Undergrad: 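Please see the structure below; I have some questions.
Note that this is a predicted model, so its numbers are computed, not measured. Values below: every heavy atom of this structure, side chains too, minus hydrogens, waters and symmetry copies.
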Amino acid sequence: MSNLVRIQFHVNGVAADAEVEPRTTLADCLRHQLLLTGTHVGCEHGVCGSCTVQIDGAAVRSCLVLAVQAEGARITTVEGLAKDQELSPLQRAFRKHHALQCGFCTAGILTTADALLRDEPDADEDRIRAVLSGNLCRCTGYLPIVAAIAEARDLARAAQQVPEAAK
């Protein structure tokens, strides 16, 4: 008798399914079954933020979510932020500002920041810092991370101000 549960969801816009033990975390399912290794597992207690993904648009610690809880959800991992092999404006800003060093926390910070900028496109630097307080980075000191997110925010604002005919 098998204790595996079959789940279906969309990951980065693509239908996916997996068979998991009921105790399998979403982080482990993404990494080990779907081979989406951009989602990192750090503390496994929801403290560090390295495993953050978006579930139905909300930034969530995937180490605290069971894979079976994601049934039918739309999940975005760091791999889903780029479109057609092109880095997103947020990812390009991170590269420009050297907002990563070892890179372990970067995927979680990017998915967190992406959700923030989508939900709060006018977030100021204090709000950016408050939202990032749940993502631990031991290398950068956060200054380049905040600068990169603010630049991506400003680029998105400028793009919205361009008349539709000029796009």
Side-chain angles (χ1 to χ4, degrees), residues 9-13 25-32 34 36-67 69-70 73-163 167:
F9 39 68
H10 283 80
V11 180
N12 301 328
T25 66
L26 180 59
D28 286 340
C29 178
L30 291 169
R31 289 183 57 78
H32 302 296
L34 301 180
L36 295 170
T37 57
T39 300
H40 295 152
V41 178
C43 69
E44 296 188 73
H45 296 283
V47 175
C48 73
S50 294
C51 68
T52 303
V53 299
Q54 294 173 21
I55 300 177
D56 294 331
V60 175
R61 306 292 196 257
S62 64
C63 74
L64 296 179
V65 176
L66 296 174
Q69 292 174 289
R74 296 194 175 282
I75 299 165
T76 303
T77 68
V78 69
E79 291 94 343
L81 298 181
K83 302 292 182 229
D84 300 321
Q85 302 295 323
E86 188 76 25
L87 294 179
S88 72
L90 180 61
Q91 290 170 310
R92 287 194 304 271
F94 263 61
R95 183 174 62 196
K96 176 183 172 186
H97 288 273
H98 306 287
L100 61 120
Q101 288 182 22
C102 81
F104 196 82
C105 66
T106 307
I109 291 174
L110 283 168
T111 54
T112 299
D114 181 74
L116 170 67
L117 294 179
R118 184 188 57 252
D119 295 343
E120 300 179 41
D122 295 321
D124 63 15
E125 289 191 15
D126 286 339
R127 179 65 180 146
I128 293 168
R129 283 186 178 85
V131 170
L132 288 181
S133 68
N135 293 81
L136 301 180
C137 175
R138 297 179 67 173
C139 301
T140 68
Y142 295 94
L143 294 176
I145 293 170
V146 173
I149 296 168
E151 179 174 305
R153 175 205 59 210
D154 294 344
L155 289 170
R157 282 182 188 163
Q160 290 177 353
Q161 293 176 0
V162 175
K167 288 184 180 178

Undergrad: With rounding to the nearest 0.5 Å, note down the distance linking NE2 in His40 to OG1 in Thr106.
TA: 8.0 Å
Undergrad: Could you pull out the closest heavy-atom pair between Val41 and Ala27, with the gap in Å?
TA: CG2-CB, 3.8 Å
Undergrad: Going by atom types only, do Thr52 and Arg61 share a side-chain donor-acceptor pair under 3.5 Å?
TA: yes
Undergrad: Can you see which heavy atom on Ala113 is nearest to which on Ile149, and at what distance?
TA: CB-CD1, 3.6 Å
Undergrad: Would you give the length of the straight line joining atom CD of Gln54 to atom CD1 of Ile75, rounded to the nearest 0.5 angstrom?
TA: 11.0 Å
Undergrad: Minimum heavy-atom separation for Ala67 to Cys29, with atom names?
TA: CB-CB, 3.9 Å
Undergrad: May I have the step-by-step check of side chain to side chain contact (heavy atoms under 4.5 Å, CB included) for Asn135 and Ile145, ending in yes or no?
TA: CA-CA 11 Å; Asn135 293 81; Ile145 293 170; over 6 Å; no
Undergrad: Would you say Glu79's side chain and Gly38's backbone share a donor-acceptor pair under 3.5 angstrom?
TA: yes
Undergrad: Within this structure, what is the CG-CD1 distance for the pair Leu136 and Ile109, rounded to the nearest 0.5 Å?
TA: 8.5 Å
Undergrad: If you count the non-hydrogen atoms of other residues, nucleotides and ligands that lie under 6.0 Å from CZ in Arg74, is the total more than 12?
TA: no
Undergrad: Does atom CD of Glu151 have more than 12 heavy-atom neighbours from other groups under 6.0 Å away?
TA: yes
Undergrad: Does Asp124 use its side chain to pair, donor to acceptor, with the backbone of Asp126 at less than 3.5 Å?
TA: yes
Undergrad: What is the distance from atom CD of Glu120 to atom CZ of Arg118, rounded to the nearest 0.5 Å?
TA: 11.0 Å
Undergrad: A side-chain contact here means heavy atoms from C-beta on lying under 4.5 Å apart; do Asn12 and Leu36 qualify?
TA: yes
Undergrad: So, the side chain of Glu44 versus the backbone of Cys63: is there a donor-acceptor pair under 3.5 Å, distance only?
TA: no
Undergrad: About how many Å separate SG of Cys139 and CG of Leu100, when rounded to the nearest 0.5 Å?
TA: 9.0 Å
Undergrad: Rounded to the nearest 0.5 Å, what separates atom CG in Leu26 from atom OG1 in Thr39?
TA: 8.0 Å
Undergrad: Tell me if a side-chain donor or acceptor on Arg153 pairs with a main-chain N or O of Leu117 at a distance below 3.5 Å.
TA: no
Undergrad: Between Gln69 and Leu64, which heavy-atom pair has the shortest distance, and what is it?
TA: OE1-O, 4.3 Å
Undergrad: One pair to check against side chain to side chain contact (heavy atoms under 4.5 Å, CB included): Arg92 and Glu86. What are the steps and the verdict?
TA: CA-CA 9 Å; Arg92 287 194 304 271; Glu86 188 76 25; 4.2 Å; yes
Undergrad: Can Arg157 and Asp154 be counted as an ion pair, charged N to O under 4.0 angstrom?
TA: yes
Undergrad: Which pair of heavy atoms, one from Cys137 and one from Tyr142, lies closest together, and at what distance?
TA: N-OH, 2.8 Å
Undergrad: Could you report the tightest heavy-atom contact between Gly42 and Phe104, atom names first, then the distance?
TA: CA-CE2, 3.9 Å
Undergrad: Could you please spell out the steps behind the side chain to side chain contact (heavy atoms under 4.5 Å, CB included) verdict for Thr76 and Val53?
TA: CA-CA 6 Å; Thr76 303; Val53 299; over 6 Å; no
Undergrad: Donor-acceptor pair, distance only, cut-off 3.5 Å: does the side chain of Thr140 make one with the backbone of Ala99?
TA: no
